[in-house]
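Numbered from 1 within each chain, the chains take letters A, B, ... in sequence-line order.
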Number of protein chains: 2
Amino acid sequence: MHETFAALADPQRFRIVELLRSGPRPVNDIGERLRLQQPQVSKHLRVLKEAGLVDVQPRAQQRLYALRAQPLRELHEWLERYHQLWDARFEAMDELLEELQQEEKPHGRSKK
Amino acid sequence: MHETFAALADPQRFRIVELLRSGPRPVNDIGERLRLQQPQVSKHLRVLKEAGLVDVQPRAQQRLYALRAQPLRELHEWLERYHQLWDARFEAMDELLEELQQEEKPHGRSKK
DNA sequence: TCGGTATATTCCCGTCAAGGAATATATGGC
DNA sequence: GCCATATATTCCTTGACGGGAATATACCGA
């Protein structure tokens with residue numbers, strides 16, 4: 001998951017992912033549309049591939065890069081676990097906080 | 001959004017976010033639970049805060065850090081736009097690819 | 001106001017990633 | 001097999017980032 005986040009954290013790679021949402025594309029096509037130099041595109045695609053975000057498929061001498069659904073699905077599942085926060089009144093948790101402060105233990109064992 | 005991804009890309013910060021899912025916590029509490037040194041925790045929390053992922057609330061001399069829902073919501077909305085990929089048969093797009101190859105134009109104007 | 005606790009900031013260092021330029025590899029057509 | 005196209009890799013430099021140690025700041029209680 002860290003790899004997924006790291007891959008998407010770069011602006012250029014994010015743009016590539018966004019572009020690939022419309023379907024698989026060869027490297028040069030990506031470079032032209034996003035105004036990126038070919039080596040950089042290849043390098044970014046490599047990172048995306050290692051993160052499992054894209055898949056390659058040879059087509060003559062070009063390589064078609066396509067988005068893979070799985071990492072996005074995993075990301076979605078991870079987010080689902082936070083869904084409770086979206087409507088939950090977070091303020092209510094502040095009370096609960098009091099307790100946490102209590103069990104706040106100093107690193108040592110006994111309080112001197 | 002890049003900031004959100006960048007913030008979550010770091011393993012330690014990811015752990016902090018995961019921990020905060022259970023509710024707001026003071027800095028030291030985070031450090032103890034995750035076995036991180038206090039300065040590092042503060043630094044990571046700074047990044048998380050600048051990314052809008054957490055919120056601070058002073059409580060005596062400690063600071064309670066809490067998750068903010070908005071960035072996660074935005075992340076969710078962004079993911080929704082990719083939902084089509086999750087059930088769509090991607091192979092079908094390969095045909096569509098043929099077309100893309102056609103309109104593949106060389107950088108120059110006329111082919112020599 | 002003073003001491004102590006909780007947190008933030010700074011400095012230093014090693015690592016890593018990104019961009020640019022140049023070069024290498026692969027594939028298809030002839 | 002040779003050339004051209006499409007893509008990948010390497011080298012280099014630079015800037016950002018994370019960890020550790022030390023220090024600074026904020027806030028509380030007496």
Would you say A:Q40 reaches C:dA21's phosphate, i.e. side-chain N/O to OP1/OP2 under 4.0 Å?
-> no

Given C:dA8, is OP1 or OP2 found less than 4.0 Å from the side-chain N or O atoms of B:R46?
-> no

Roughly how many Å is it from CZ in A:R25 to P in D:dA6, rounded to a whole number?
-> 16 Å

Which listed nucleotide (D:dT10, C:dA18, D:dG18) is nearest to the side chain of B:H44?
-> D:dG18

B:L48 CG to D:dC17 C1', straight-line distance once rounded to whole Å = 14 Å

Return the value, rounded to whole Å, for the distance between atom CG of A:D29 and atom P of D:dT5.
-> 18 Å

For D:dT5, does either OP1 or OP2 sit under 4.0 Å from a side-chain N or O belonging to A:N28?
-> no

Could you state the atom-to-atom distance from CG of A:L36 to C1' of C:dA21 in whole Å?
-> 16 Å

What do the steps show when you test A:Y65 against A:D55 for side chain to side chain contact (heavy atoms under 4.5 Å, CB included), and what is the final call?
-> CA-CA 6 Å; A:Y65 281 86; A:D55 228 359; over 6 Å; no

Kindly say whether B:G52 contributes a backbone atom to a donor-acceptor pair with the side chain of B:R68 at under 3.5 angstrom?
-> yes

Mind calculating the distance between NZ (B:K43) and P (C:dT10) to the nearest angstrom?
-> 11 Å

Once the angle between the rings of B:F14 and A:F5 is folded into 0 to 90°, is it parallel (under 30°), tilted (30 to 60°) or perpendicular (over 60°)?
-> tilted

Mark up nucleotides 23-30 of chain D, 5' to 3', with B wherever a protein heavy atom is under 4.0 angstrom from a base atom, S wherever such an atom reaches only the sugar-phosphate, and - elsewhere.
-> ---SSS--

Side-chain H-bond candidate by donor/acceptor type, B:R73 with B:Q70, under 3.5 Å | no

Stepwise, does the side chain to side chain contact (heavy atoms under 4.5 Å, CB included) test hold for B:R63 with B:Q57?
-> CA-CA 6 Å; B:R63 310 296 157 96; B:Q57 178 188 352; over 6 Å; no

Base D:dG19 paired with B:Q37 side chain (donor-acceptor, <3.5 Å) = no

Cation-pi, B:Y82 ring and A:R21 (6.0 angstrom, 45 degrees) | yes

Would the number of heavy atoms belonging to other residues, nucleotides or ligands and lying under 6.0 Å from CZ of B:R81 be above 12?
-> yes

Round to a whole Å and report the spacing from CG of B:L64 to C1' of C:dT7.
-> 12 Å

Whichever of A:D10 and B:S42 has the more 5' nearest nucleotide on DNA chain C, that residue is B:S42

Could you tell me whether the phosphate oxygens of C:dA6, OP1 or OP2, come under 4.0 Å of any side-chain nitrogen or oxygen in B:Y65?
-> no

Rounding to a whole Å, what distance do you find between B:Q12:CD and D:dC17:P?
-> 16 Å

From CD1 of A:I16 across to P of C:dA18 the rounded distance in Å is 11 Å

